[in-house]
Amino acid sequence: MVLRLIAGAAFIALFIGSCVIAEAAELGAVKMPDGRIAAASTVIGLEVSPAVHATTTSSHEAGSYDNTSMTLSLAHRFATGFVASGSAEWQLNNGGSQQVFLEGGVGYALRAGPFTLTPSAALGTTFEDTGFGPNGDDQAFYYAFYLAGDVDLDSHWTFNAFKLRYRDAFDYEWVTPEIDTGLTYHLDAATSLYGKGSYSWKNTGDGLNGDSITLAFGMKRAL
C-alpha cells in the first residue's frame, strides 16, 4: 500500500513537472492551417477497450476474450507545441483478476498543414495482478516511448493514422510494443468521439509474441 501511495505521488509529480517544463519552453508556437496560432487547450478523455488474445498458447485460443480496460486521461497542449499528459487505466481480465496502470508523460506536437506528428515519452507504474514476482502481484515501474501521426481530413474528421508504442519495465523483462490506428469525429470545437483498433506484442523472456487485439471507443472533451 505504501508503495502504491508513493507511485501515485510520483505520477502526480511527473505530470505537474512536465507541465512546468512545457510552460517554460520557448519553442515556436503551433499554427493552424490558416496561419493562426493555436490556443492552448486542456482535454479530458474516457475510453473503454475490450481485447481478445492475438495468438494461441497453452492457456488460451486466438480470438478468445482477454480483458476490458477503462482509461481516464488528461492532457494539456501548450501554444508552444508541448503536450503534458496523464492517465489512469483499470483493466479487468478474463477470470476476474485486475491490473491498474498510472502514467504521466510529455511530448511535442509537430504540425505541417493537416498533418501532426507527436513524439512523447512517459513514466508509469502498474500494480494489482501484474504477473510479476513470486505471487504475480508485485508492483512494477516502467518507461514508454510513443510516436503518433494524425491527419485532419476536414473540420469534423481526423484520421489517426498510427500510434506506435515501445514500453518496458525497469526491474522486469516486459517489452510490450503496440501499434494502433483509428478515426475521430469532432462533434463541435470541444467534443469528439473516436474509435481505434490496436495490435500488441509481449516479451517476458520467451521472445516477442502477439499478445492482444483491441478495439477502443472513447470520448474527449476540452475543458
Side-chain angles (χ1 to χ4, degrees), residues 1-18 21 45 47-55 57-60 65-75 83-108 118-148 162-180 196-214 216:
M1 179 61 71
V2 173
L3 283 177
R4 293 175 187 178
L5 290 175
I6 293 174
F11 164 75
I12 294 172
L14 175 63
F15 179 72
I16 294 174
S18 60
I21 292 171
E47 177 181 296
V48 177
S49 50
V52 298
H53 293 288
T55 56
T57 70
S58 59
S59 60
H60 56 253
Y65 175 70
D66 186 6
N67 63 69
T68 296
S69 295
M70 180 178 294
T71 305
L72 181 65
S73 62
L74 181 67
V83 180
S85 63
S87 65
E89 176 185 347
W90 175 70
Q91 178 179 292
L92 180 63
N93 301 314
N94 186 17
S97 64
Q98 61 181 359
Q99 189 171 358
V100 179
F101 298 83
L102 297 176
E103 184 176 301
V106 63
Y108 186 74
T118 309
S120 61
L123 294 175
T125 183
T126 180
F127 49 90
E128 294 293 345
D129 301 304
T130 61
F132 300 125
N135 299 318
D137 59 357
D138 282 6
Q139 184 175 15
F141 294 88
Y142 64 85
Y143 62 92
F145 299 102
Y146 299 93
L147 181 64
F162 64 85
K163 186 174 183 180
L164 310 176
R165 180 190 76 191
Y166 180 86
R167 184 178 66 181
D168 193 11
F170 288 103
D171 297 324
Y172 298 92
E173 189 165 8
W174 186 63
V175 179
T176 52
E178 183 178 80
I179 182 171
D180 67 46
K196 64 180 181 179
S198 65
Y199 190 98
S200 65
W201 295 260
K202 182 184 289 184
N203 180 5
T204 57
D206 56 351
L208 196 62
N209 301 297
D211 184 37
S212 63
I213 299 172
T214 304

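No experiment lies behind these values; they were computed from the predicted model shown.
Between Y172 and D138, some side-chain heavy-atom pair lies under the 4.5 Å cut-off. A heavy-atom distance below 4.5 Å is found between the side chains of W201 and I179. The side-chain heavy atoms of L147 and Y166, taken from C-beta on, include no pair separated by under 4.5 Å. Taking 4.5 Å as the limit, some side-chain heavy atom of T176 sits within range of a side-chain heavy atom of R165. Side-chain atoms of L164 and F145, non-hydrogen and from C-beta on, never get closer than 4.5 Å to each other. The closest side-chain heavy-atom distance from T130 to Q139 is not below 4.5 Å. Residues F127 and L102 meet the side-chain proximity criterion, which asks for heavy atoms closer than 4.5 Å.
Smallest separation of non-hydrogen atoms from A122 and Y146: CB-CE1, 4.2 Å. Pairing each heavy atom of E178 with each of S200, the nearest pair is OE2-CB, 3.7 Å. Annotation for T204 and W174: closest pair CG2-CD1, 4.2 Å, computed over non-hydrogen atoms. Heavy-atom minimum distance, A54 versus I213: CB-CG1, 3.9 Å. The two residues S49 and A216 come nearest to each other via the heavy atoms CB-CB, 3.7 Å. Annotation for T214 and A51: closest pair OG1-CB, 3.4 Å, computed over non-hydrogen atoms.
Here the CD-CG distance, from E103 to L123, works out to 8.5 Å after rounding to the nearest 0.5 Å. With rounding to the nearest 0.5 Å, the separation of CD in E173 from CZ in F132 is 10.5 Å. Note that the CZ atom of F141 and the OG1 atom of T126 stand 10.5 Å from one another [nearest 0.5 Å]. With rounding to the nearest 0.5 angstrom, the NZ atom of K196 is 5.5 Å from the NZ atom of K163. Between the CZ atom in F162 and the CG atom in D180 there is a gap of 10.5 Å [rounded to 0.5 Å].
Scanning for side chain to side chain contact (heavy atoms under 4.5 Å, CB included) contacts around D129 gives S97, Q98, with sequence neighbours left out. For R167, there are no salt bridge (Lys or Arg N to Asp or Glu O under 4.0 Å) partners two or more places apart in sequence or in a different chain.
A parallel orientation is assigned to the rings of H53 and H60, their planes being inclined by less than 30° (bins at 30° and 60°).
Side chain of T57 to backbone of S59: a donor-acceptor contact under 3.5 angstrom is found. Side-chain N or O atoms of N209 include one that pairs as donor or acceptor with a backbone N or O of G207 at under 3.5 Å.
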Which pairs of donor and acceptor atoms, one on a side chain in residues 66-75, lie under 3.5 Å apart (sequence neighbours left out)?
residue, atom, partner, partner atom, Å
T68, OG1, Y65, OH, 2.8
S69, OG, E89, OE2, 3.0

